[in-house]
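Report on the following structure.
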Amino acid sequence: MMQPGHGMAPPTMGQQPPQQYQQPPPQQPYVMMQPQQPPAMWAAQSAQPPQQPASADEVRTLWIGDLQYWMDENYLYTCFGNTGELTSVKVIRNKQTSQSEGYGFIEFNTRATAERVLQTYNGTIMPNGGQNYRLNWATFSAGERSSRQDDGPDHTIFVGDLAADVTDYLLQETFRARYNSVKGAKVVIDRLTGRSKGYGFVRFADEGEQMRAMTEMQGVLCSTRPMRIGPATNKNPAATTQPKGCQEALSSRSLELISAEMVTILVHVLA
DNA sequence: CATGAGCGG
């Protein structure tokens with residue numbers, strides 16, 4: 001539902017937002033923005049809904065992330081109200097502190113409008129924010145998050161020392177120029193400031209290209225700075241085979257410190 | 001220097 005008036009005063013931290021959104025947006029302040037570049041989404045999974053949920057006939061809600069703390073429902077209404085088909089906006093907040101969790105949902109009259117907004121806004125700059133919109137189809141709370149991975153496992157590298165102006169798109173294209181299996185790139189954004197944290201991730205479909213890039217791209221310029229490449233800690237363990245059963249579990253790293261006594265107990269239990 | 005935001009009602 002639309003709930004104006006929940007706007008929080010921005011926290012007292014160095015950077016104040018240039019404006020608060022306590023008033024409904026003016027009549028026609030914003031024009032539909034044309035993308036300056038192809039959508040700078042993480043992954044190519046932006047344009048498609050994850051999967052048609054069994055029950056719903058059409059998904060008309062978008063998930064929006066990378067919100068700064070002061071970006072409330074009124075702000076979202078200001079951003080998307082000009083479509084004339086915005087039916088609800090919501091910012092998810094912490095129940096105790098009421099502080100924004102940095103994401104929300106925007107729902108439209110029709111799926112077509114939602115799709116148009118996704119295609120048109122994604123990767124373009126947010127008003128007053130400085131960072132790009134990060135939009136995707138909303139999923140249902142049941143949340144089978146893992147089935148989102150389209151085609152096989154990801155091979156991801158960490159990229160540090162990024163200049164402040166490096167975007168998802170630039171990072172992606174810097175690698176795509178040399179490696180055609182690049183699936184996407186993501187620059188990590190600081191929620192407090194909306195600015196780059198100076199590091200990010202690049203995903204490859206091909207493991208060989210990932211490994212080549214680890215050495216070949218070391219020190220290569222992206223924007224104005226040489227990149228530092230490192231291995232990415234695996235956030236997606238589903239891509240690799242997981243240990244199953246007792247034998248593998250006992251040899252896995254988490255159980256290496258198991259004591260002799262515990263092994264004895266285990267043996268008794270299993271006997 | 002540094003290892004991602006992560007789906008409500």
Side-chain angles (χ1 to χ4, degrees), chain A residues 1-3 6 40-43 45-46 48-51 53 55-56 59-69 71-73 76 87-96 98-108 114 118 122-123 126 129 131-149 154-164 166-169 171-172 175 182-204 210 213-214 217-218 222 225-239:
Chain A
M1 41 187 158
M2 201 95 55
Q3 283 188 336
H6 269 268
M41 276 294 293
W42 171 248
Q45 47 191 255
S46 58
Q48 308 283 339
Q51 218 165 8
S55 54
V59 180
R60 300 155 9 225
T61 305
L62 299 179
W63 181 92
I64 180 167
D66 276 357
L67 299 178
Q68 294 177 39
Y69 291 121
M71 294 174 171
D72 57 11
E73 281 82 358
L76 293 180
T87 58
S88 82
V89 296
K90 181 170 200 178
V91 171
I92 303 306
R93 293 191 169 81
N94 180 288
K95 284 208 163 55
Q96 272 75 41
S98 287
Q99 191 172 58
S100 165
E101 297 281 2
Y103 70 91
F105 298 91
I106 53 180
E107 186 187 9
F108 297 90
L118 181 59
N122 215 357
M126 298 175 78
Q131 80 271 40
N132 290 342
Y133 284 110
R134 196 176 297 282
L135 293 163
N136 212 332
W137 288 106
T139 61
F140 287 101
S141 44
E144 65 307 331
R145 316 256 65 222
S146 49
S147 69
R148 282 263 303 271
Q149 303 299 329
D154 291 342
H155 302 97
T156 303
I157 62 172
F158 172 88
V159 182
D161 270 347
L162 295 176
V166 173
T167 61
D168 292 0
Y169 181 73
L171 184 61
Q172 172 177 299
F175 282 81
V182 170
K183 293 167 79 178
K186 161 80 188 297
V187 174
V188 178
I189 300 298
D190 185 330
R191 280 233 299 267
L192 292 174
T193 65
R195 286 201 280 244
S196 165
K197 284 179 140 173
Y199 64 86
F201 301 87
V202 178
R203 288 197 319 168
F204 299 80
Q210 173 209 28
M214 293 267 288
M217 296 301 277
Q218 200 71 247
C222 182
R225 284 202 208 164
M227 295 180 285
R228 182 168 66 225
I229 315 291
T233 62
N234 195 2
K235 253 190 95 132
N236 178 21

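Naming: A, B, ... by sequence-line order, numbering from 1 per chain. The shown structure was predicted, so the numbers you read here are calculated from the model rather than taken from an experiment.
The separation between Arg225(A) atom CZ and dA2(B) atom C1' is 12 Å, rounded to whole Å. Per the geometry, CD belonging to Glu101(A) stands 7 Å off P belonging to dG6(B), to the nearest Å. The OH atom of Tyr199(A) sits 6 Å away from the C1' atom of dT3(B) (whole-angstrom rounding). Residue Leu192(A) contributes atom CG, which lies 16 Å from atom C1' of dG4(B) at whole-angstrom precision. Atom CG of Leu162(A) is separated from atom C1' of dA2(B) by 10 Å (rounded to the nearest Å). Leu135(A) places its CG atom 17 Å from the P atom of dA5(B), with the value rounded to the nearest Å. Between the P atom of dT3(B) and the NZ atom of Lys197(A) lies a distance of 8 Å, rounded to the nearest Å. To the nearest angstrom, P of dT3(B) lies 17 Å from CG of Leu171(A).
Applying the salt bridge (charged side-chain N to carboxylate O under 4.0 Å, His left out) criterion to Asp161(A), with sequence neighbours excluded, gives Arg228(A). Scanning for salt bridge (charged side-chain N to carboxylate O under 4.0 Å, His left out) contacts around Arg60(A) gives Glu107(A), with sequence neighbours left out.
Base orientation of dG4(B): syn (glycosidic angle within 90° of 0).
In terms of phosphate contacts, Arg228(A) brings a side-chain nitrogen or oxygen within less than 4.0 Å of OP1 or OP2 of dC1(B). Distances shorter than 4.0 Å separate none of the side-chain N or O atoms of Lys186(A) from OP1 or OP2 on dG6(B).
Side-chain atoms of Gln210(A) never come within 3.5 Å of backbone atoms of Arg203(A) as a donor-acceptor pair (strictly under, hydrogens ignored).
Listed nucleotides dC7(B), dA5(B), dT3(B) differ in distance to Pro231(A); the shortest reach to its side chain belongs to dT3(B). Nearest nucleotide to the Thr61(A) side chain, out of dG8(B), dA5(B), dG9(B): dG8(B). Of the candidate nucleotides dA2(B), dG4(B), dG8(B), dG4(B) has the atom lying nearest to any side-chain atom of Thr233(A). Side chain of Thr156(A), nearest nucleotide from dC7(B), dG4(B), dA2(B): dG4(B).
Ring pair Phe158(A)/Phe201(A) is perpendicular by interplanar angle, where above 60° counts as perpendicular and below 30° as parallel.
By the stacking rule of 5.5 Å between ring centres and under 30° between planes, Phe201(A) stacks on the base of dG4(B). For dA2(B), the base is not stacked against the aromatic ring of Phe158(A), per a cut-off of 5.5 Å between centres and 30° between planes.
Rounding to the nearest 0.5 Å places OH of Tyr199(A) at 4.0 Å from NZ of Lys197(A).
In terms of position along DNA chain B, the nucleotide closest to Gly198(A) lies nearer the 5' end than the nucleotide closest to the other residue of the pair Gly198(A) and Tyr103(A).
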